Amino acid sequence: MRIRVFDSEREAAATCAQRIARAVTARPSLVLGLPTGRTPLNVYRELVELFTRGGLDWAQVRTFNLDEFLGVSADDAGSFRAYMERHLFQHVNLSPANIHFLDGAVEDAEAECARYEARLAEAGGLDLVLLGLGSNGHLAFNEPADGLRARCHRTRLSRQTREANLMLFGDDPSRVPMEALTLGMASILQARQALLLAFGEAKAEAVRGMVKGPVSPRCPASFLQLHPDVEVWLDPAAARAL
């Protein structure tokens, strides 16, 4: 686990976008795992700017988002699919056929998870996965638990996670879904490269647990200690407990 502390979130985001651009240039058909939430917003802004300036061609890139709310359709403004459309997809030349997303509106969640896992396997797995970090140590929607699921699955969201996503639902707690669909830990850990971003003092304890704590399902991000090629990029506030 290689750790880098940046002077600011904006600097880290700009550097991250350049890193993704280099990966796409080296492998135009890159299979890219993408997160949502507050953490990657500046990264997506920088990626859009790179595309607008003509420096990044997305035509062959294949994307797999990490998770989606259960019971929320893709056209719901609170869905992660709508988030990605707003902040990245509609601004670059990604082929719609190369955008892969869990369908939160399905009736059979288990079948949808199996479909998504199979599609990821057909693509050869993730070449590069961009990760955020939950304040409770979760990765994607793999919440702290007595045990973690390896593959794509249905999960119940913690109170902390639901509160972190209030902004997508008009700050109305009653509208935030109780459950979600998420890639499992094996799918994430089998990515050939992983890059995790964490910013702000609220993430400091989760960062400490991820980097210095025991590898435990009570801190899902701690399993990144076992990954052969992972970088953790922080601002000073997120790094304060290291």
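Hydrogens, waters and symmetry mates play no part in the numbers below; they use all other heavy atoms, side chains included. Note that the coordinates shown come from a computational prediction; the quantities given were computed from them, not determined experimentally.
- Contact check on E163 versus R159 returns a salt bridge, with a Lys/Arg side-chain nitrogen under 4.0 Å from an Asp/Glu carboxylate oxygen.
- With hydrogens and angles left out, the side-chain atoms of H138 and S158 include no donor and acceptor closer than 3.5 Å.
- Distance check: L120 CG to R62 CZ gives 10.0 Å after rounding to the nearest 0.5 Å.
- Side-chain N or O atoms of N65 include one that pairs as donor or acceptor with a backbone N or O of L34 at under 3.5 Å.
- Two residues are said to be in side-chain contact when any heavy atoms from C-beta on lie closer than 4.5 Å; L242 and L234 meet this criterion.
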Evaluation steps, side chain to side chain contact (heavy atoms under 4.5 Å, CB included), between M178 and L70: CA-CA 8 Å; M178 300 293 293; L70 188 60; over 6 Å; no
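- Using bins of under 30°, 30° to 60° and over 60° for the plane-to-plane angle, the ring pair F80/F69 lands in the tilted bin.
- For H227 (side chain) and Q193 (main-chain N/O), no donor-acceptor pair under 3.5 Å exists by modelled atom type.
- Not one N or O on the side chain of Y44 forms a donor-acceptor pair closer than 3.5 Å with the backbone of F89.
- A donor-acceptor contact shorter than 3.5 Å links the side chain of R38 to the backbone of A164.
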Quick one: do E231 and R4 satisfy salt bridge (charged side-chain N to carboxylate O under 4.0 Å, His left out)? Show the steps, please. CA-CA 8 Å; E231 296 185 50; R4 184 173 179 184; over 6 Å; no
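- For the pair R149 (side chain) and T182 (backbone), a donor-acceptor distance under 3.5 Å is absent.
- If you run side chain to side chain contact (heavy atoms under 4.5 Å, CB included) between L131 and each of L224, L195, L197, only L224 comes through.
- In this structure, H153 and L183 approach most closely via the heavy-atom pair CE1-O, 4.3 Å.
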Run the side-chain hydrogen bond (donor to acceptor under 3.5 Å, both in side chains) test on T161 and E143 for me, step by step, so that the C-alpha distance in whole Å, both residues' side-chain angles and the decisive distance to 0.1 Å come before the verdict. CA-CA 9 Å; T161 299; E143 298 276 23; 2.6 Å; yes
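- Between the R162 side chain and the P173 main chain, a donor and an acceptor come within less than 3.5 Å of each other.
- Heavy-atom neighbours of D172 CG from other residues, nucleotides or ligands within 6.0 Å: above the threshold of 12.
- Put simply, the side chain of Q225 gets close to the backbone of M210: a donor and an acceptor are under 3.5 Å apart.
- A donor-acceptor contact shorter than 3.5 Å is absent between the side chain of N42 and the backbone of A14.
- The pair R81-E68 fails the salt-bridge criterion, with no side-chain N (NZ, NE, NH1 or NH2) lying under 4.0 Å from an Asp/Glu carboxylate O.
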Hey, mind stepping through V24 and L32 against side chain to side chain contact (heavy atoms under 4.5 Å, CB included) and telling me if it holds? CA-CA 9 Å; V24 171; L32 182 60; 5.5 Å; no
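- Counting only distance, with no hydrogens or angles, the side chain of E46 and the backbone of A13 share no donor-acceptor pair below 3.5 Å.
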Take F199 and F6, measure what ring-ring contact (aromatic ring centres under 6.0 Å, His included) needs, and give me the verdict at the end. CA-CA 10 Å; F199 307 122; F6 291 81; 8.2 Å; no
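- The shortest distance between side-chain heavy atoms of F223 and L139 does not fall below 4.5 Å.
- One N or O on the side chain of T15 and one on the backbone of E11 form a donor-acceptor pair closer than 3.5 Å.
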